[in-house]
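Written below as structure tokens is the structure these notes are about.
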Amino acid sequence: MGVGVLSSSYYPRFSPSMWCGSLRYLKSPCIRCCTTLSVPTSSNTQSQTPSPSVRKRVVSGVQPTGSIHLGNYFGAIKNWVALQNTYDTLFFIVDLHAITLPYDVQQLSKATKSTAAIYLACGVDPSKASVFVQSHVRAHVELMWLLSSTTPIGWLNKMIQFKEKSRKAGDEEVGVALLTYPVLMASDILLYQSDLVPVGEDQKQHLELTRDLAERVNNLYGGRKWKKLGGRGGNIFKVPEPLIPPAGARIMSLTDGLSKMSKSAPSDQSRINILDSKELISNKIKRCKTDSFPGMEFDNSERPECNNLLSIYQLISGKTKEEIVQECQNMNWGTFKALLTDALIDHLHPIQVRYEEIMSDSGYLDEVLADGAKTATEIADATLHNVYQAMGFCRRQ
């Protein structure tokens, strides 16, 4: 989520694997940041179009740390704009996830609002989707603690992201939150009885753990055991399915066509941020890595940068792959870079204008986030009540 959380993701960007057994996530590779769009390969995996008679629920989110870039935009946010028209959608800013690694305390609040404004500027409509801040719904943390009591530590020790990041930072520099991050992500998803979760390679392992946790809690506390405690019985949580976005290109770094475009990359030259100025976009494209081959072509393994830049142009322009080949195959790098720069500026300019309008009206943004949190809280509190009841707690009267 990402929740992508996702992203959660939040978050958050899957070659779909079905969860027909427990602990499948122990074998899955995991990469951070939801920037992958892939084609479903299993009949059990949900497609983009829901049944016309049932409005299923979708949740997703992106962290407010770092700058929202093209990978986040095409891998998550732009897809949300289509999802909000056919699903019951909740999109949140996963600020609780943002503190699992060192962060700028002075900038967190500002970055959270900025991320929300980018959601809206990109086309997320608060009249169709609930937009809110994760920490504004306290049930996220409460459910995380309850889920933690049933999560085997062995499951978390095998999570790829934790092993990679703890190895890099060293045990003395890594907080417990990095280990328990997947439990919070599970809470983000299960709290809203989510039917579907948009997924990318970075979240695949975490979603599999979420499914296993849902089934574990249902087996331990649901059914007749819950009914004896005065509950309705049956399953406590829905077991969410992956939602596979339409086929598309993975957005790679401008400095290395074999690495994904990432918020965490040390060089800002490696990415095009949604809020980059015209001059900055032009400069980044001029300086981006290229090669010495003639012409432009897709899918040549010896030309990863060429494939990446053509893919970006295809996504930005909305043209088909065949149209891009016809237009660009005989261009040199100078001509193509000028074309790509203009397309990027033209596409991002309306988003940037809308973003400035939203940020200049703090009352409007605060109202959107408050309304979203209210809707989310109503759903979350109902789930949390059921979990407390099923786990045998004495509730306050």
Side-chain angles (χ1 to χ4, degrees), residues 1-12 14 17-34 59-61 63 65 94-103 134-135 139-192 194 197 199-222 236-240 242 264 383-384 387 390-391:
M1 76 186 289
V3 194
V5 95
L6 104 87
S7 98
S8 94
S9 103
Y10 222 305
Y11 313 102
F14 275 90
S17 65
M18 289 298 98
W19 298 267
C20 47
S22 65
L23 307 186
R24 284 288 302 279
Y25 56 87
L26 301 187
K27 303 177 183 178
S28 301
C30 188
I31 309 169
R32 190 148 176 108
C33 195
C34 185
V59 298
S60 193
Q63 287 193 29
T65 51
V94 290
D95 57 339
L96 293 172
H97 289 288
I99 67 171
T100 56
L101 292 171
Y103 68 100
Q134 181 188 30
S135 64
H140 285 262
V141 178
E142 287 191 61
L143 181 58
M144 178 198 175
W145 181 251
L146 298 176
L147 292 178
S148 295
S149 72
T150 63
T151 305
I153 191 68
W155 291 15
L156 300 180
N157 283 333
K158 297 293 180 69
M159 298 300 286
I160 303 300
Q161 280 193 21
F162 172 73
K163 292 200 295 184
E164 289 179 349
K165 292 184 181 298
S166 60
R167 185 166 53 245
K168 289 179 181 178
D171 289 343
E172 296 301 318
E173 300 298 324
V174 173
V176 173
L178 186 62
L179 177 65
T180 57
Y181 176 105
V183 185
L184 178 57
M185 183 174 288
S187 171
D188 297 337
I189 296 168
L190 300 179
L191 198 56
Y192 299 104
S194 311
V197 182
V199 289
E201 282 298 332
D202 64 313
Q203 304 301 340
K204 179 181 178 181
Q205 194 181 38
H206 291 161
L207 182 59
E208 291 174 344
L209 183 140
T210 297
R211 289 173 54 87
D212 280 333
L213 271 179
E215 292 174 347
R216 183 177 177 87
V217 171
N218 287 341
N219 290 333
L220 286 174
Y221 304 108
I236 301 167
F237 295 126
K238 285 187 178 180
V239 180
S264 60
T383 297
L384 198 59
V387 177
M391 292 182 71

Do the side chain of Ser187 and the main chain of Val183 share a donor and acceptor less than 3.5 angstrom apart?
no
Pairwise distance CG(Asp188) to CG(Leu96) - rounded to 0.5 angstrom:
7.5 Å
Please check this pair: side chain of Thr180 against backbone of Val176, looking for a donor-acceptor N/O pair closer than 3.5 Å.
yes
Roughly how far, to the nearest 0.5 Å, is the CZ atom of Arg211 from the CG atom of Leu190?
10.5 Å
As an exercise, state the distance from CG of Leu384 to CD of Glu142, rounded to the nearest 0.5 Å.
5.0 Å
With a 4.5 Å heavy-atom cut-off, do Phe237 and Thr383 have their side chains touching?
yes
If you round to the nearest 0.5 Å, how far is NE2 of His97 from CG of Leu178?
12.0 Å
Given side chain to side chain contact (heavy atoms under 4.5 Å, CB included), test Leu179 with Asn157 step by step and report yes or no.
CA-CA 7 Å; Leu179 177 65; Asn157 283 333; 3.9 Å; yes
Do you know which two heavy atoms are closest between Gln134 and His140, and how far apart they sit?
O-CD2, 3.5 Å
Please enumerate all residues that pass side-chain contact (heavy atoms from CB on, under 4.5 Å) together with Thr150, with sequence neighbours excluded.
Leu213, Arg216, Val217, Leu220, Tyr221
Between Ser194 and Ile189, the two heavy atoms sitting closest are OG-O, 2.7 Å
On a heavy-atom basis, the closest approach of Ile236 and Gly222 is CD1-N, 3.8 Å
How long is the straight-line distance from CD1 of Ile99 back to OH of Tyr181, given to the nearest 0.5 Å?
12.0 Å
Non-hydrogen atoms of Thr100 and Ala177 that approach each other most closely:
CG2-O, 3.8 Å
Over all atoms of both residues, closest heavy-atom pair of Thr151 and Leu147:
OG1-O, 2.7 Å
Tightest non-hydrogen contact, residues Val199 and Pro242, listed as CG2-CB, 3.7 Å
Below 4.5 Å, heavy atoms only, C-beta onward: do Leu156 and Leu209 meet side chain to side chain?
yes
